[in-house]
Amino acid sequence: MKALILGVDGQDGSYLAELLLDQGYQVVGWIPKTIPVRLDHLQACIAHLTMVEGDLSHQASLNACMEEHQPDEIYCLAAPSAPYASWGNPVMVGDVAALGVARLLEAVRQMVPKACFYQASSSELFGDPLETPQSENTPFRPRNPYGVAKLYAHWMTVRYREQYGLHTVSGILFNHESPRRGLEFVTRKITHSAARIKLGLQDKLYLGDLESRRDWGFAGDYVRAMWMMLHHQPAADFVIGTGQTHAVREFCELAFATLDLDYREYVVQDERFMRPPETHQLVADPHKACYELGWQPQTSFAELVRLMVEADWRSLANADERG
Amino acid sequence: MKKALITGITGQDGSYLAELLLSQGYEVHGLIRRASTFNTQRIDHIYRDPHNGGNLYLHYGDLANAGNMTDLIYSVRPDEVYHLAAQSHVRVSFDLPEYTGDITGLGTIRILEAIRRSGIPARYYQASSSEMFGSAKPPQNEATVFQPQSPYAAAKVYSYWVTRNYREGYNMFACNGILFNHESPRRGETFVTRKITRALAAIVAGKQDSLYLGNLDAKRDWGYAPDYVAAMWKMLQLDHPDDFVIGTGEAHSVREFLDEAFGYLGLEWQKYVQIDARYFRPTEVDYLLSDYSKAHNVLHWEPRVFFRDLVRVMVDADLELIGLQSPGEGRKILETHHGRWHRWEDQILHPEG
């Protein structure tokens with residue numbers, strides 16, 4: 001079996017590449033030609049990947065990629081995951097996260113119509129939801145240009161399945177974290193800062209609303225859900241999440257405690273990072289994935305926090321020793 | 001004098017809206033696409049008419065080009081922007097999904113971003129569509145959940161949400177008009193209503209003997225385009241921006257349209273119409289029916305021309321266009337129901353201008 005992963009350089013792409021290689025897949029890793037990418041997350045597996053460059057803005061580039069590699073499975077994880085930042089460059093976000101997927105679906109239809117296609121949708125589709133928790137039947141109410149672009153991509157994925165009978169699925173994933181999460185995300189910001197504070201590299205950590213709650217899972221569990229989804233018959237869309245929420249405060253408490261620190265001495269709530277409060281809590285109702293896919297998260301919240309803190313501590317401590 | 005910018009001014013809605021705004025003393029600016037074929041016949045009569053006092057200006061531009069949109073907003077400095085331009089054909093969107101997404105979807109965010117960056121406090125109208133409802137259970141209103149069934153509808157859903165996001169995120173005065181099907185003698189020739197009335201006229205004139213159609217059972221809420229452009233204008237005159245469903249509250253099938261159109265001339269459509277599977281959409285939207293009570297209550301808007309009269313207006317116009325006498329009920333309907341800005345003569349638009 002041969003899989004093509006678009007956005008293989010990211011958190012999810014790298015975990016997925018490892019998972020598929022473990023299962024004996026031939027993996028083609030796609031990265032954008034037009035934006036510089038870092039391959040840090042691929043250290044462990046890059047030797048086993050076929051790397052290709054391409055451009056989501058050009059149909060011909062995507063068609064050529066499909067024609068050359070003839071993948072059996074395609075995972076579209078390539079859009080920049082930056083909901084709030086999308087206000088700054090909404091047209092570019094639309095071109096990649098929305099139109100890029102339309103082009104990709106066309107490339108699949110024209111070149112490899114038997115392939116299975118996974119679209120990385122996100123809980124940003126629900127945005128400002130009218131009900132809690134959110135399932136596959138919850139109406140979408142995106143509230144930033146990123147969420148709107150993802151919504152378009154979701155509907156196009158559904159349309160290609162229903163119109164052309166292609167095996168295309170949309171996975172609506174809630175927040176999923178790991179040591180490979182970008183530093184701009186609150187979870188990684190906490191674990192990275194906690195490790196720096198422990199090492200005396202930093203004094204304080206400034207955060208927004210500590211009572212803000214999220215449904216956080218471990219990215220490694222979620223890429224397994226992607227793979228399971230793509231192998232489910234008939235093709236269908238699934239919500240993936242833990243179904244539980246935790247406050248930013250709880251995350252801080254556990255993260256600092258892992259390093260024998262008391263978060264209250266270091267964490268400062270800063271009005272500048274505050275966002276307007278959500279009217280309805282974003283939290284997954286993952287029952288369909290549980291019953292139909294047999295998927296369940298295997299990493300608890302406490303384990304997730306610990307593994308992120310330990311990874312940050314190890315890499316910072318090593319760097320510190322090297323001087 | 002208020003200034004309005006209309007994208008899609010050469011289209012059915014754009015041309016009627018331009019007439020309405022000019023009659024109210026607006027200075028009207030239209031965005032047109034440079035194309036190798038001549039496509040301004042719907043506005044040529046306005047352009048020529050000295051009563052407009054030279055208040056209509058046309059600008060070449062491309063919705064696919066963000067820089068174009070920014071320049072246009074800066075140079076026109078409009079008070080109101082009506083974004084009507086789109087790749088608007090549902091069936092064609094299946095063949096051109098990327099192009100449809102780029103123009104019908106991303107074109108919207110290019111304009112909204114151009115307005116925002118310009119700092120000009122223009123009010124914005126987004127031409128949303130009942131196609132967004134897709135397979136949602138009728139009747140559909142502002143609270144109905146979208147179920148888009150085509151690349152066109154998905155692109156319109158994108159535009160609907162970016163419009164709401166810009167309203168809520170930046171406090172822009174931005175409205176979505178969710179318009180159900182609206183027809184007129186200026187409707188494009190590939191849309192089913194116009195296809196029927198044109199073919200009927202050609203059959204009567206002895207220039208054609210059959211008409212090929214797709215699904216006759218699809219039900220639509222068909223209104224009259226000039227009524228609908230008045231609703232667009234009303235939305236932008238509100239104190240607070242909001243979204244509105246605009247329709248007639250009646251649904252009729254393509255079969256009923258045939259009954260009404262051929263019946264008006266005493267003909268039986270069954271003798272002329274053939275079914276061609278090529279005109280079926282890959283996924284069909286079966287039943288669209290508006291609940292426009294919010295527009296009634298808040299905008300004080302009501303349709304003036306309903307299904308039966310709409311068919312008569314269109315049949316009369318196509319008969320006269322082909323050079324035949326019409327029974328004349330269509331002309332009477334317009335004289336009874338519409339103000340001075342909307343004249344019968346302007347409905348008979350010859351392709352050569």
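Per chain, numbering begins at 1; letters A, B, ... match sequence-line order.
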Which of the residues B:G101, B:P148, B:A66 is involved in the greatest number of heavy-atom pairs with chain A at under 4.5 angstrom? B:P148

Checking side-chain polar atoms at under 3.5 Å, does B:Q149 have a donor or acceptor matched by the opposite partner on B:S135? yes

Should the pair A:R103-A:E106 be classified as a salt bridge under the 4.0 Å nitrogen-to-oxygen rule? no

Is B:R116 paired with B:E113 through a side-chain N to carboxylate O contact shorter than 4.0 Å? yes

Please look at A:F140 and chain B and tell me whether the side chain, the backbone, both or neither of the residue comes under 4.5 angstrom of a heavy atom of that chain. backbone

The criterion is side chain to side chain donor-acceptor pair (under 3.5 Å); which residues satisfy it with A:Y75, sequence neighbours excluded? A:E73

Any donor-acceptor N/O pair, B:N65 side chain to B:N68 backbone, under 3.5 Å: yes

When the ring planes of B:Y125 and B:Y82 are compared, do they come out parallel, tilted or perpendicular, using 30° and 60° as the limits? tilted

Side chain of A:D55, backbone of A:K33: donor and acceptor closer than 3.5 Å? no

Output the residues of residues 168-178 of chain B for which the shortest heavy-atom distance to chain A is under 4.5 Å, in residue-number order; output 'none' if no such residue exists. B:G169, B:Y170

Using non-hydrogen atoms only, which part of B:R167 is less than 4.5 Å away from chain A: side chain, backbone, both, or neither? neither

Considering only heavy atoms, which portion of B:L106 lies under 4.5 Å from any heavy atom of chain A: side chain, backbone, both, or neither? side chain

Among side-chain atoms of B:S93 and B:T100, is any donor-acceptor pair under 3.5 angstrom? no

B:A155 versus chain A, heavy atoms under 4.5 Å apart: side chain, backbone, both or neither? both

Side chains of A:Q59 and A:N63 only: does a donor on one sit below 3.5 Å from an acceptor on the other? yes

So for B:V162, is it side chain, backbone, both, or neither that comes closer than 4.5 Å to the heavy atoms of chain A? both

Checked A:A98, A:G94, A:A102, A:P145 vs chain B; the most non-hydrogen pairs under 4.5 Å come from A:G94

For the aromatic rings, using the six-membered ring if either is Trp, is the centroid distance between B:Y124 and B:Y166 under 6.0 Å? no

Okay, A:A149 and chain B: the region with an atom under 4.5 Å from a heavy atom over there is both

